[in-house]
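First the structure, in the form of structure tokens, and then the observations on it.
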Number of protein chains: 2
Amino acid sequence: MPRSQGSTERAQLSRERVLRAAVAVADGGGLGGLTIRSLATQLDVKPMSVYYYVANKNEILDGIVDLVFGEIELPVPGGDWRAEIGKRAHSAREVLRRHPWAIALMESRTSPGPATLRHHDANVGTFRAAGFSVAQTAHAYALLDAFVYGFAVQEASLPFEGSEDAAEVAGGMMEQFSSGQYPHLTELAVDHVLQPGYDFGDEFDFGLSLILDGLARLL
Amino acid sequence: MPRSQGSTERAQLSRERVLRAAVAVADGGGLGGLTIRSLATQLDVKPMSVYYYVANKNEILDGIVDLVFGEIELPVPGGDWRAEIGKRAHSAREVLRRHPWAIALMESRTSPGPATLRHHDANVGTFRAAGFSVAQTAHAYALLDAFVYGFAVQEASLPFEGSEDAAEVAGGMMEQFSSGQYPHLTELAVDHVLQPGYDFGDEFDFGLSLILDGLARLL
DNA sequence: GGAGAGTATCGTACTTAGTACGAAACTGCT
DNA sequence: AGCAGTTTCGTACTAAGTACGATACTCTCC
């Protein structure tokens, strides 16, 4: 019974709408909160209706990973490679921050969608245009992406957001720290991480610069 | 009814045995294959028996993450920092290769166990002993771990193991490649990744060296 | 050596989630 | 109107986490 009463006109479903709604649900409640039923609720339909547009939940997961890849700004081959690669690294980090659940997914999905392939192609192309050999490009891209993904993993696992609430969260761990068993961790926490103004996110630029410097030396 | 017939003496359960069995199940069938029922089968008991040793499945997940951290070789503060840090990076990579499911877990768990804390403490201590300032240690460790985790994520998402079967797996993707839409990816695949002898794992040493070189320059 | 008390294991059953199967409601054509 | 194609939904089965309480075994302490 589509578009039932004619008055409360409900937009048509579509694969696109299903996947976008899935992203919204995951953003709100994590991957665990994404169930066919929660997705159906979000779309204001009954669970089985979404199965007209996707074969199964796996297809939804593949689909939203590709949507996320599509949100990352593409580097432009032929431009200033440091700027282009840096730009897309920052963009990727932002996107993964917006959709932390995507990191876990990218690991388990094995069938890349078109946005994913386009994304990788643009990156590889940027390195090649900058003068990196094919082998060097493989090295560089593997390293850079390992850093971006890994940083996102770390950032996602932080139990706090920003620097303000770091202190209180750390309070709980401090009980274990105060046993004196972890002196170096304690020092790092007390003298650095818990200081006002500390933002783990700043570590991203340090790492990115170090890596880009190292890569530049290859040329 | 413990140790029932006296003859088929079944070893006592324990939290330790439960967690080790959980690791074994996850190693065999991935995180998805780890259910209370599959775990119980592995232990040769009935599902509810494991709940005597753990409060819920979450506790199992926290527990096995800590077990995995415990498998990683610790660096020794005060030794040759490059060697020590490099050793633990390789060890971490090996361990994460043995237990690929652990990567996804580390992201979502927020209550570190003792092995986890000990691990981080040893790393931080090694940097400090090498002469890195507290702030530099934070930079260095964040960068290094981002790389190690990120590399593990990438390695886990490879649909093949070793270089032999790369070719056939790539065959499927090639259909999309051959459309000519992804020229740089195609070049990378054909001229490099699919060449005999290519092993993605080798990229690890390149990245690790580049990072350690960059860090050494800080001192 | 029997009576609790404590320890370890299990049976039953409820809940949530994915989804197969087919019915039903609506659309546009003829 | 009648029919075919499209879209949505109702019912129901299965798998998995786990609450609750029963059951069986072990270890004191008299």
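Using modelled atom types, one finds no donor on one side chain facing an acceptor on the other under 3.5 Å when comparing B/Ser38 with B/Thr41. Between B/His90 and B/Asp205, the side chains place a donor N or O and an acceptor N or O closer than 3.5 Å (distance only, hydrogens not considered).
Looking at A/Glu84 and A/Arg88, no side-chain N of the basic residue comes within less than 4.0 Å of a carboxylate O on the acidic one, giving no salt bridge.
With rounding to whole Å, B/Asp44 atom CG is found 12 Å from C/dT9 atom C1'. C/dT19 atom C1' lies 13 Å from atom CG of A/Asn58, rounded to whole Å. Summarising the geometry, the separation between CG on B/Leu39 and C1' on D/dG17 is reported as 12 Å, rounded to the nearest angstrom. As a whole-Å value, the separation of A/Leu13 CG from C/dA25 P is 18 Å.
In this structure, A/Phe200 has its ring center under 6.0 Å from that of A/Phe151. Taking the six-membered ring for Trp and the full ring otherwise, A/Tyr141 and A/His120 have centroids separated by under 6.0 Å.
Applying the 4.0 Å criterion to OP1 and OP2 of C/dA8, one finds that B/Tyr52 has a side-chain N or O inside that range. Neither OP1 nor OP2 of D/dT7 sits under 4.0 Å from any side-chain N or O of A/Ser49. For D/dT6, neither phosphate oxygen OP1 nor OP2 lies less than 4.0 angstrom from any side-chain nitrogen or oxygen of A/Gln12.
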Practice prompt. Encode nucleotides 12-18 of chain C as B, S and - characters from 5' to 3', where the letter depends on protein heavy atoms closer than 4.0 Å: B to the base, S only to sugar-phosphate, - to neither.
Written response: B----BB
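Cation-pi contact between B/Arg93 and B/Phe204: present, with separation from the ring centre below 6.0 Å and deviation from the ring axis of at most 45°.
Residues passing the side-chain contact (heavy atoms from CB on, under 4.5 Å) test with A/Leu61, sequence neighbours excluded: A/Leu31, A/Leu34, A/Asn58, A/Ile64, A/Leu105, A/Arg109.
Inter-axis angle, ends of the helix from C/dG1-D/dC30 to C/dT30-D/dA1, five pairs per end, rounded to 10 degrees: 20°.
Taking both residues in full, the closest heavy atoms of A/Phe69 and A/Thr116 are given as CD1-OG1, 3.3 Å, listed atom of the first, atom of the second, then distance.
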